[in-house]
Amino acid sequence: GGLSEARNTGISNANGTWLCFLDGDDCLFPQSIEQLYHAAVSSAASVAIGSYLTFSEKLPAPSVEAGPVQILTGPRACGRIYSDSYYINFTTAWAKLYQTDHFHYRYPEQRYHEDEFVTYRVLYEQERVAYIPAPVYAYRKRSGSIMQTFSPKNLDTLDALEEQCSFWLQNHEEEYLGKAVCRYLTKIMSCAYKCRYVKRLPDYQRQLMTRFHQSYHDWHPFVSGSGIGIKSRLWLFDHMPSTCMLLLHFAIKSHLFPQI
C-alpha cells in the first residue's frame with residue numbers, strides 16, 4: 001500500500017482531535033503545527049491550509065510573518081484546486097491540519113497521485129476552511145520522484161481527474177465541472193505527447209488517444225466558458241490528433257510554447 005496504507009493506518013488509529021500528514025522525505029518547520037492550529041481555531045475552521053517551500057539538500061528558512069488568515073467555504077476552497085497559483089497547496093494531503101472527525105475518507109492504495117482522489121472531497125464537506133499564505137511545509141525535490149518525472153505510473157492522475165469531473169457533475173457544481181473537464185482532457189493530451197516524444201511508449205500513446213476520443217465525446221459539452229483557445233485545441237486533438245501533436249512538438253522545440 002505504501003504511502004496511502006501508512007496514511008490510512010494513521011487515520012484509523014488516530015485518537016487526537018487533529019490530523020496532519022508528513023511525507024517521509026519532507027519536513028515541517030518548528031512553528032508549523034502551531035500556525036495551522038491557530039488559524040483553524042481563530043476562524044472556527046475544520047481544516048487549515050498553509051503554503052510550502054521546496055528544497056533539495058539544505059532546509060530553507062521559513063518566512064517569519066504570515067499574512068492574514070483567509071476564510072473560505074469548503075466549495076470555494078475546492079475552486080482553488082483549479083487555480084495554477086494554488087493547485088499544489090489545495091491538492092496535496094500535506095501542509096494541512098484537519099479535524100479528525102471531519103475527515104471521512106481513505107486514500108486509494110496501490111495508486112499514485114493518491115491526493116488527487118481525496119483532498120477535494122474532504123474540502124467540499126467543510127463549512128469553513130482557513131488558509132494562511134505562509135510556508136508551513138518543506139517539500140524535498142528529488143530527481144526520479146513521481147512529481148519530478150513522467151512514467152506510466154503518472155497515468156493514475158487521469159482516473160483521479162475523471163472522478164473529479166463525475167463528482168462535480170453529481171453535485172451540480174457547473175463552474176468546477178468545466179474547469180475539471182479542461183484539466184482532465186488537457187492532461188490526457190499532455191500524457192499522450194510525452195508517451196510519443198519524451199518516453200517513446202507507443203502502446204501507452206495509443207491507449208491515451210483512445211481514452212481522449214472517448215472522454216472528449218463524453219465531457220466536451222461541459223467545457224463551455226473555458227475560453228476559445230482551449231476549446232479549439234481540444235477539438236483539433238480530437239479531429240486531427242497527429243497534426244495537433246506535430247504542431248505542439250514544433251512549438252515546444254521552437255520555444256513558442258512551454259514544455260508540458
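Note: hydrogens, waters and symmetry copies are ignored here, and every other heavy atom, side chains too, is used. The model shown is predicted, which means the values in this text are computed figures rather than measured ones.
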Subject >> Pairwise side-chain contact, Tyr139 with Leu53, heavy-atom cut-off 4.5 Å (strictly under) >> reply: no
Original post:
Taking the six-membered ring for Trp, are His220 and His217 parallel (under 30°), tilted (30 to 60°) or perpendicular (over 60°)?
Top reply: perpendicular
**OP:** Would you check if Asp101 and Thr17 make a side-chain contact, meaning some heavy-atom pair closer than 4.5 Å?
**Re:** no
Original post:
Is the distance between the ring centroids of Trp94 and Tyr137 under 6.0 Å?
Top reply: yes
Original post:
Relative to the ring of Phe222, is the ring of Trp219 parallel (under 30°), tilted (30 to 60°) or perpendicular (over 60°)?
Top reply: tilted
Original post:
Within a reach of under 6.0 Å around OH of Tyr124, are more than 12 heavy atoms found that belong to other residues, nucleotides or ligands?
Top reply: yes
**OP:** Starting at CG of Leu123, measure out to CG of Leu72 and round the result to the nearest 0.5 Å.
**Re:** 9.5 Å
Subject >> Residues Tyr105 and Glu125: side-chain donor-acceptor under 3.5 angstrom >> reply: yes
Subject >> OG-CZ distance between Ser190 and Arg183, expressed to the nearest 0.5 angstrom >> reply: 12.0 Å
**OP:** List the steps, then state whether side-chain contact (heavy atoms from CB on, under 4.5 Å) holds for Leu208 with Leu158.
**Re:** CA-CA 10 Å; Leu208 287 165; Leu158 299 178; 3.5 Å; yes
Original post:
For Asp115, what residues pass the salt bridge (charged side-chain N to carboxylate O under 4.0 Å, His left out) criterion, not counting sequence neighbours?
Top reply: Arg7
Original post:
Counting N and O atoms only, with roles assigned by atom type, does the side chain of Arg140 sit under 3.5 Å from a partner on the main chain of Asp26, one being a donor and the other an acceptor?
Top reply: no
**OP:** Apply side-chain contact (heavy atoms from CB on, under 4.5 Å) to the pair Ile11 and Arg106, showing each step before the final yes or no.
**Re:** CA-CA 8 Å; Ile11 296 167; Arg106 297 295 183 268; 3.1 Å; yes
**OP:** Over 60° means perpendicular and under 30° means parallel, so classify the ring planes of Tyr120 and Phe167, tilted if in between.
**Re:** perpendicular
**OP:** Supply the atom-to-atom distance Leu59 CG to Glu57 CD, rounded to the nearest 0.5 angstrom.
**Re:** 11.5 Å
Original post:
Can you list every side-chain hydrogen bond (donor to acceptor under 3.5 Å, both in side chains) pair that touches residues 78-88, not counting sequence neighbours?
Top reply: Gln70-Arg80, Tyr82-Gln164, Tyr82-Trp168, Tyr87-Glu116
**OP:** Kindly give the heavy-atom pair with the smallest separation between Cys244 and Phe237, and that separation in Å.
**Re:** SG-CD1, 3.6 Å
**OP:** Write down the atom of Leu36, the atom of Ala95, and the distance for their closest heavy-atom approach.
**Re:** CD2-O, 4.3 Å
Subject >> Separation between CZ of Arg76 and CD1 of Ile71, rounded to the nearest 0.5 Å >> reply: 15.5 Å
**OP:** Might you point out which heavy atoms bring Ser43 and Val69 nearest each other, and give the distance in Å?
**Re:** OG-CG1, 4.4 Å
Original post:
Can you name the nearest heavy-atom pair linking Asn89 to Ser51, along with the distance?
Top reply: ND2-CA, 3.0 Å
Original post:
At their closest point, which heavy atom of Leu19 faces which heavy atom of Ala14, and how far apart are they?
Top reply: CD2-CB, 3.7 Å
Original post:
Quick check: does any side chain N or O of Ser32 sit under 3.5 Å from a backbone N or O of Leu28, one acting as donor and the other as acceptor?
Top reply: no
Original post:
Are any of the side-chain heavy atoms of Phe55 and Lys141 separated by less than 4.5 Å?
Top reply: no
Original post:
How about Arg121 and Glu163: do any of their side-chain heavy atoms sit closer than 4.5 Å?
Top reply: yes
Subject >> Derivation and outcome, side-chain contact (heavy atoms from CB on, under 4.5 Å), residues Phe21 and Tyr107 >> reply: CA-CA 12 Å; Phe21 300 110; Tyr107 292 93; 3.7 Å; yes
**OP:** Spell out, as yes or no, whether a donor-acceptor pair under 3.5 Å connects the side chain of Asn13 to the backbone of Thr9.
**Re:** yes
Original post:
Salt bridge between Asp156 and Arg111, side-chain N to carboxylate O under 4.0 Å?
Top reply: yes
**OP:** Would you tell me whether Tyr112 and Thr157 have side-chain atoms, one donor and one acceptor, within less than 3.5 Å of each other?
**Re:** no
**OP:** Drop me the distance from Glu174's CD to His172's NE2, to the nearest 0.5 angstrom.
**Re:** 9.5 Å
**OP:** Kindly indicate whether the side chain of Leu234, heavy atoms from C-beta on, has any atom under 4.5 Å from the side chain of Phe212.
**Re:** yes
Subject >> Tyr204 OH: over 12 foreign heavy atoms closer than 6.0 Å >> reply: no
**OP:** Find out whether Lys96 and Val122 are in side-chain contact, i.e. whether some heavy atom of one side chain is under 4.5 Å from a heavy atom of the other.
**Re:** no
**OP:** Might you work through the side-chain contact (heavy atoms from CB on, under 4.5 Å) test for Val47 and Arg128, ending with a clear yes or no?
**Re:** CA-CA 7 Å; Val47 175; Arg128 293 162 73 88; over 6 Å; no
**OP:** Return each pair, listed once, that meets salt bridge (charged side-chain N to carboxylate O under 4.0 Å, His left out) where at least one residue sits in residues 208-222; pairs must be two or more places apart or across chains.
**Re:** Asp159-Arg211, Glu162-Arg211
Subject >> Residue that, paired with Gln205, satisfies side chain to side chain contact (heavy atoms under 4.5 Å, CB included) out of Arg200, Lys194, Lys199, Arg196 >> reply: Arg196
**OP:** Please report the shortest heavy-atom distance between Pro68 and Pro133, naming the atom on each side.
**Re:** O-CD, 3.5 Å
Original post:
Hey, does the side chain of Ser42 reach the backbone of His38 with a donor-acceptor pair shorter than 3.5 angstrom?
Top reply: yes
Subject >> Rounded distance [0.5 Å steps], CG in Asp203 versus CD in Gln207 >> reply: 7.0 Å
Subject >> Donor-acceptor side-chain pairing of Ser46 and Gln126 below 3.5 angstrom >> reply: yes
Subject >> Flag side-chain contact, heavy atom, 4.5 Å: Cys191 against Asn154 >> reply: no
Subject >> Heavy-atom check, side chain of Cys78 versus side chain of Glu173, under 4.5 Å >> reply: no
